[in-house]
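Computed from heavy atoms alone, side chains included, the values below leave out hydrogens, waters and symmetry copies.
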Amino acid sequence: MSLGKAARSLVSPLRGALRCSGLSRSYTAAAEARAVLEHELETIRAAGTWKSERIITSKQGPEISVDGSRGSILNFCANNYLGLSSHPEVVQAGIDALKTHGAGLSSVRFICGTQDLHKKLEQKLAEFHEREDCILYASCFDANAGLFEVLLGPDDAVLSDELNHASIIDGIRLCRAKRLRYKHMDLGDLETKLKEAQSSRMRLVVTDGVFSMDGDVAPLRGICDLAEQYGAMVFIDECHATGFLGPRGRGTDELLGVMDRVHIINSTLGKALGGAAGGYTVGPKPLIDLLRQRSRPYLFSNALPPPVVGSATRAVELLLASNEIAQSMTAKTMRFRNKMTQAGFTIAGSAHPICPVMLGDARLASLMADDMLKLGVYVIGFSYPVVPKGKARIRVQISAAHTDEDIDHCVDAFIQTGRKHGVIS
């Protein structure tokens, strides 16, 4: 046997052994990872915080069809505040855009993903918020992820409410600014943090306009007063305010009379403004121009699909033309809140359409939500990690599309299930 043949006869089995050994280690690693994941899932189930996804078999609206349930179900947990998700004009605008501009762009905005539809919607949103310019994102989560890193550097400071939305928290983590967290809606603590930040080049106060889990409204007048006193800018996330808070539905800044004192707004197209998808930033034109150049979620995400843009544009146009839909929210919200309070339930927040029915126990919230569905009302229990431990609740959301009869039926179902589970007597 030649030396070459001898060498090959030795190497081949060795390669096979190494290959089998590598595969074995790979399978072992995957099995170990699977065991870790399954243990974590079982922990969630045992804690009663497992989140099942119910399947809706109809369009979004005040009445929906749910897989496994008979007949129409009243929906009281969508962010469809104005009922525009299935508004015929909003739907038709999406169909029209699909026909004229296609299903999608297959591109980011700066390459070949900007259509006249995108520029029109950005102009309409800037007009709606009475700001200089607007930039669209795939979601408001992306808008929050893309803002702070571009605006703030290591010489700057960001002051954030401790209960701000997760997307704000994640966005702030991406920037190199000094991070100061102030107690929830505590103006005294905010002032303390502003004093600490006086050596910074720029200071930005960051808050939700409305905090989504409790429905409480940020004290923007006081925040703006402090910001002006200590030379800071003000940013608000308006996802749960745009379209229906304030006399014309412009949001929290209009509601509290500080539209000219808030500098930057991020909000969403995925709630009151048609409910499809998308987010945006409105503010000074130099900021918007810089975001187009450097904001990573904008630069590396596909442009919003034309049907989504068309539907959202029509939703904004409806609100620019009339405040009638927005004005209908207050009476319906207070009808629910008053009747539930009279029945003995604890409702968090103030006069916002987000009406958290506080229950405390995660398993109780889940069981009551299941019983509500049997009574024809769709609601969901919220528990950790969406809300703090011990703060489980059923978050009810009122829509302009709900009738008084819908609201009364929902209250009656709560009373029945609340008595069953000993929440009220």
Do you know which two heavy atoms are closest between Ser85 and Gly275, and how far apart they sit? OG-CA, 3.9 Å
Take Asp214 and Lys391 through the test salt bridge (Lys or Arg N to Asp or Glu O under 4.0 Å) and record every step on the way to the result. CA-CA 10 Å; Asp214 291 315; Lys391 298 285 187 179; over 6 Å; no
Can you confirm if the aromatic rings of Phe235 and Phe148 lie within a centre distance of less than 6.0 Å? yes
What distance do Leu320 atom CG and Lys124 atom NZ have between them, rounded to the nearest 0.5 Å? 6.5 Å
Do the side chains of Glu89 and Arg314 get close enough for a salt bridge, i.e. N-O under 4.0 angstrom? yes
Determine, for Tyr182 and Lys193, whether the Lys NZ or Arg CZ falls below 6.0 Å from the six-membered ring centre while staying within 45 degrees of the axis. no
Please determine whether a side-chain nitrogen of the Lys or Arg among Lys99 and Asp96 lies less than 4.0 Å from a carboxylate oxygen of the Asp or Glu. no
Arg54 to Tyr378 six-membered ring, cation-pi geometry met (6.0 Å, 45°): yes
Looking at Arg335, is its backbone amide N or carbonyl O close enough to the side chain of Asn338 to form a donor-acceptor pair, meaning the two atoms are under 3.5 Å apart? no
Shortest non-hydrogen contact from Leu273 toward Leu125: CD1-CD2, 4.1 Å
Evaluate the criterion side-chain contact (heavy atoms from CB on, under 4.5 Å) for residue pair Asp216 and Val210; output intermediate values, then yes/no. CA-CA 6 Å; Asp216 45 3; Val210 174; 5.8 Å; no
Gap separating the CG atom of Leu136 from the SG atom of Cys134, nearest 0.5 angstrom: 5.0 Å
Evaluate the side-chain hydrogen bond (donor to acceptor under 3.5 Å, both in side chains) criterion for residues Asp67 and Thr57: first the C-alpha distance (whole Å), next the side-chain angles of each, then the deciding distance (0.1 Å), finally the verdict. CA-CA 6 Å; Asp67 187 37; Thr57 58; over 6 Å; no
Would the distance check show the side chain of Ser322 and the main-chain N or O of Glu324 forming a donor-acceptor pair, the cut-off being under 3.5 Å? yes
Which atom pair, heavy atoms only, marks the closest approach of Cys77 to Gln397? O-OE1, 2.9 Å
As a quick check of understanding, evaluate salt bridge (Lys or Arg N to Asp or Glu O under 4.0 Å) for Lys178 and Asp155, giving each step before the final call. CA-CA 8 Å; Lys178 180 180 180 181; Asp155 296 328; over 6 Å; no
Could you tell me whether Lys374 and Asp370 have a side-chain N and a carboxylate O separated by less than 4.0 Å? no
Start with the C-alpha gap between Leu226 and Leu187, add the side-chain angles, then the distance that decides, and say whether side-chain contact (heavy atoms from CB on, under 4.5 Å) holds. CA-CA 8 Å; Leu226 288 172; Leu187 295 178; 4.1 Å; yes
Any side-chain donor paired with an acceptor under 3.5 Å for Asp406 and Thr403? yes
One pair to check against salt bridge (Lys or Arg N to Asp or Glu O under 4.0 Å): Lys120 and Asp116. What are the steps and the verdict? CA-CA 6 Å; Lys120 179 181 179 181; Asp116 53 341; over 6 Å; no
Please check this pair: side chain of Asn164 against backbone of Asp208, looking for a donor-acceptor N/O pair closer than 3.5 Å. yes
Determine whether a donor-acceptor pair (N or O, by modelled atom type, separation under 3.5 Å) exists between the side chain of Arg203 and the backbone of Leu159. no
Under 3.5 Å donor-acceptor, Asp186 side chain and Asp189 backbone: yes
From CA spacing to verdict: side-chain hydrogen bond (donor to acceptor under 3.5 Å, both in side chains), Asn266, Asp237: CA-CA 5 Å; Asn266 278 5; Asp237 181 310; 5.9 Å; no
Output yes when Lys339 and Asp412 qualify as a salt bridge under the 4.0 Å nitrogen-oxygen rule, no when they do not. no
Please check if the distance between the ring centroids of Tyr280 and His129 is under 6.0 Å. yes
Backbone N or O of Cys239 within a donor-acceptor pair of the Thr268 side chain at under 3.5 Å? no
Neighbour count above 12 (heavy atom, 6.0 Å) for Arg34 CZ: no
Is the side chain of Gln115 donor-acceptor paired with the backbone N or O of Pro306 at a distance under 3.5 Å, no angle test? no
Can you confirm whether more than 12 heavy atoms, excluding those of Arg261, are under 6.0 Å from its CZ atom? yes
When rounded to the nearest 0.5 Å, the distance separating CZ of Arg109 from OG of Ser301 is 12.0 Å
Is the Phe211 to His240 ring centre distance short of 6.0 Å? no
For Ser167 and Asn144, does a side-chain donor sit closer than 3.5 Å to a side-chain acceptor? yes
Ala145 backbone acceptor or donor facing Arg296 side chain under 3.5 Å: no
Taking Arg292's backbone N and O only, do any of them form a donor-acceptor pair with Ser295's side chain (distance below 3.5 Å, no angle check)? no
Using ring-ring contact (aromatic ring centres under 6.0 Å, His included), reason through His352 and Phe244 one step at a time and then give a plain yes or no. CA-CA 10 Å; His352 192 274; Phe244 58 94; 5.5 Å; yes
Non-hydrogen atoms of Cys410 and Phe336 that approach each other most closely: SG-CE1, 3.9 Å
Which value, rounded to the nearest 0.5 Å, describes the distance between Leu147 atom CG and Tyr298 atom OH? 14.5 Å
Counting only heavy atoms not in Leu37 (residues, nucleotides, ligands), do more than 12 fall under 6.0 Å from its CG? yes
Quick check: Phe345 with Phe414 (ring centres under 6.0 Å apart)? yes
Which heavy atom in Leu319 sits nearest to a heavy atom in Gly243, and how many Å separate them? CD1-CA, 3.8 Å
Can you confirm whether Lys59 is buried at NZ, in the sense that more than 12 heavy atoms of other residues, nucleotides or ligands lie under 6.0 Å from that atom? no
Would you say Arg176 has more than 12 foreign heavy atoms packed within less than 6.0 Å of its CZ? no
For the pair Leu290 and Leu151, evaluate side-chain contact (heavy atoms from CB on, under 4.5 Å) and give the outcome as yes or no after the intermediate values. CA-CA 8 Å; Leu290 187 60; Leu151 177 61; over 6 Å; no
So Thr346 and Val357, side-chain contact (heavy atoms from CB on, under 4.5 Å) or not? Walk me through it. CA-CA 6 Å; Thr346 299; Val357 181; over 6 Å; no
Run Lys183 and Asp161 through salt bridge (Lys or Arg N to Asp or Glu O under 4.0 Å) and show every step you take. CA-CA 6 Å; Lys183 296 176 183 177; Asp161 188 293; over 6 Å; no
The test is side-chain hydrogen bond (donor to acceptor under 3.5 Å, both in side chains); show your working for Gln60 and Asn75 and say whether it passes. CA-CA 9 Å; Gln60 184 63 277; Asn75 187 4; 2.7 Å; yes
Shortest non-hydrogen contact from Val234 to Ala227? CG2-CB, 3.5 Å
Count the heavy atoms of every other residue, nucleotide or ligand shown that sit under 6.0 Å from OH of Tyr384, and state whether that count exceeds 12. no
Close aromatic pair by centroid cut-off 6.0 Å: Phe76 and His409: no
Name all residues meeting the side chain to side chain donor-acceptor pair (under 3.5 Å) criterion together with Glu130; count only those two or more places apart in sequence or in a different chain, and write none if there are none. Arg248
Quick one: does any side-chain atom of Ser399 pair with a main-chain N or O of Asn80 as donor and acceptor, under 3.5 Å? yes
